[in-house]
**Student:** 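Before anything else, here's the structure in question.
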2 protein chains.
Amino acid sequence: MNIQQFQDTLQLFSAASSVDEITELCRFHCQNLGFDNFVYALRIPTKFSEARVIIIKGYPDLWLERYWELGYHASDPVIAYCSQHVVPIQWHDLLLEKSSLSALVMNEAAEFGLRAGISMPMHSPRGELGILSFALNQERRSAAREISQHAMPYVQLLGGYVHEAVCRVFGVANPEDKLPLTLREQECLRWAADGKTSWEISQLLKLSERTVNFHLNNAMIKLDVSTRQHAIAKAVLRGLITPYPF
Amino acid sequence: MNIQQFQDTLQLFSAASSVDEITELCRFHCQNLGFDNFVYALRIPTKFSEARVIIIKGYPDLWLERYWELGYHASDPVIAYCSQHVVPIQWHDLLLEKSSLSALVMNEAAEFGLRAGISMPMHSPRGELGILSFALNQERRSAAREISQHAMPYVQLLGGYVHEAVCRVFGVANPEDKLPLTLREQECLRWAADGKTSWEISQLLKLSERTVNFHLNNAMIKLDVSTRQHAIAKAVLRGLITPYPF
DNA sequence: GGGGTAGCTGTCAAATCTAACAGGGTGTTT
DNA sequence: AAACACCCTGTTAGATTTGACAGCTACCCC
């Protein structure tokens, strides 16, 4: 299958209307590309410590169970890479420190047949992060590398379509609850996230300190939190505010 | 050039260290794909309703000037599409209402030789939006469609690499310089970001309240900030602390 | 006019955080 | 052994935030 034909099959994702259909399409492409397993995970920020996670399964169940039980997502180097980048990565290219938690996760994965692979990060406008991974149970590095290398462009293309399909099926794109915050609330929050105190913000926005507290309080109520810190974490994760404190 | 060779040339973007180099690479790919013009625009949110915009130019200067002067970005249907999607679009497929502002923009663009084209949106972790566009001065719809169709996968691949290159050159987000927060510092910060007070964190981690403040203070020093809020915003944006599930 | 939303301002007490002064301990590396 | 990183704990004073009590204007929609 050349890339042009491949491109045509991608249109099927736009028509898919259920998880099962998407799973089947992924499975098809997985085999087609010469991989053994696949998984797509979508993280949707909700509360700070309560992101919603949607998974399209094509991985060994035992591994997924173990993964969640032990909270491996926190040390998974693939997730760490994907949350910062926009181009795909071959697992072999990840920089791992010996006997780090990250290395442990990857080694255990290998025991479940996930020895080599490739992952494509997808970031969408509201901070959702989708990761499409294809894995290979292949001992020989060179062979694995060749397959991954060859699959790279296909995986990159697939990523976007799987991502849009999953978001559509689960009704993720929801512009309504994107900005529950008023203009002033966003402004105040942004400056607060920038380390400014109420008084400083009042000077910046030419308001009274009381008004700044008023807006920040309203923001906290809307975000259902009771401290500024929580409000900021939540707003940043949801993309409600984008401070630039660098 | 097949897709495999193409893939190899993409590595050049990782080495590019200046705007000029990136521009040249884009120009090369533009011609190679059979297009007449290209442009890459990166929007970095700063304050609410304010953004820093970086442009890699390969469009008629006159058009770009007019575009900015008249604030066309506000009605540009390509930007509207790109801010909501993650897969590329052929301009012909955009839904335009007759005599809308969007249609006006596209018509005027056509007068500058930008009659057909394709645009690839790139969203990165902190809300930056990059748009890579290739344009064609081609009257015949069918011919334009064919070229665009053929270029689609290449453009999608290019997008990520141009995006990462520009972000790197402009120092937009440098995940590399991860300030090493210690384990305790991360834990405390994570709970603080969840709205917990020092006392509550001390109970959660079975520490004294003083110790929690100690760790949070160290984290603030390392992040070079003077409030918890700023520390949390910075840490979340840099991916130094991860929300619980994932 | 009433009701809704958004914005603005005031005071006050209690809770919380920040910054400064201290003092311990462990473990690894040089 | 000394230097270093990480971890733990104490006190205090002052700044800041939080939550509660108030009040006001302006706009839009029904």
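Any value given below was found using the heavy atoms of this structure, including those in side chains, with hydrogens, waters and symmetry copies removed. A note on names: the letters A, B, ... follow the listed sequences, proteins ahead of strands, and every chain is numbered from 1. On a predicted model such as this, the values are computed, not experimentally measured, just so you know.
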**Student:** Under the side chain to side chain donor-acceptor pair (under 3.5 Å) rule, collect the residues that match up with B:Thr197, sequence neighbours excluded.
**Tutor:** B:Glu200
**Student:** Whole Å only: how far is the CH2 atom of B:Trp191 from the C1' atom of C:dT16?
**Tutor:** 19 Å
**Student:** Parallel, tilted or perpendicular for B:Tyr67 and B:Trp63, by the 30°/60° rule?
**Tutor:** perpendicular
**Student:** Roughly how bent is the helix from C:dG1-D:dC30 to C:dT30-D:dA1 end to end, in steps of 10 degrees, with each end axis from five pairs?
**Tutor:** 50°
**Student:** Tell me, please, which residues at least two apart from A:Gln90 pass side chain to side chain donor-acceptor pair (under 3.5 Å).
**Tutor:** A:Gln149
**Student:** Run the side chain to side chain donor-acceptor pair (under 3.5 Å) test against A:Gln229 and tell me which residues pass, sequence neighbours left out.
**Tutor:** none
**Student:** Restricting to salt bridge (charged side-chain N to carboxylate O under 4.0 Å, His left out), what partner residues turn up for B:Arg66, sequence neighbours left out?
**Tutor:** B:Glu108
**Student:** Taking any heavy-atom pair under 4.0 Å as a contact, classify A:Asn218: base, sugar-phosphate, or nothing.
**Tutor:** nothing
**Student:** To the nearest Å, how far apart are B:Gln229 CD and D:dT17 P?
**Tutor:** 6 Å
**Student:** For the pair A:Arg190 and A:Asp194, find out whether any cationic side-chain nitrogen is under 4.0 Å from an anionic carboxylate oxygen.
**Tutor:** yes
**Student:** B:Phe214: which residues meet the ring pair (Phe, Tyr, Trp, His ring centres under 6.0 Å) condition with it, sequence neighbours left out?
**Tutor:** none
**Student:** Please report the distance, rounded to the nearest Å, between CD1 in A:Ile232 and C1' in D:dT16.
**Tutor:** 13 Å
**Student:** Run the side chain to side chain donor-acceptor pair (under 3.5 Å) test against B:His163 and tell me which residues pass, sequence neighbours left out.
**Tutor:** B:Tyr40, B:Ser124
**Student:** State which residues pass side-chain contact (heavy atoms from CB on, under 4.5 Å) with B:Ala41; sequence neighbours excluded, sorted by chain then number.
**Tutor:** B:Ile55
**Student:** Under 4.0 Å from OP1 or OP2 of D:dT17: is there any side-chain N or O of A:Ser198 that close?
**Tutor:** yes
**Student:** Between B:Met220 (CE) and C:dT18 (C1'), how many Å, whole number?
**Tutor:** 6 Å
**Student:** How would you summarise protein contacts on nucleotides 7-14 of chain C per nucleotide, using B for base, S for sugar-phosphate only and - for none, with heavy-atom distances below 4.0 Å?
**Tutor:** SBBBB---
**Student:** Roughly how many Å is it from CD in B:Glu200 to P in C:dT16, rounded to a whole number?
**Tutor:** 7 Å
**Student:** Which pairs count as salt bridge (charged side-chain N to carboxylate O under 4.0 Å, His left out) when at least one residue sits in residues 77-94 of chain B, sequence neighbours excluded?
**Tutor:** B:Asp93-B:Arg145
**Student:** Taking only residues two or more places apart in sequence, or in another chain, which ones meet B:Glu187 in a salt bridge (charged side-chain N to carboxylate O under 4.0 Å, His left out)?
**Tutor:** B:Arg184
**Student:** Could you list, one pair per line, each protein nitrogen or oxygen that sits under 3.5 Å from a nitrogen or oxygen of nucleotides 25-28 of chain D, together with the distance?
**Tutor:**
none

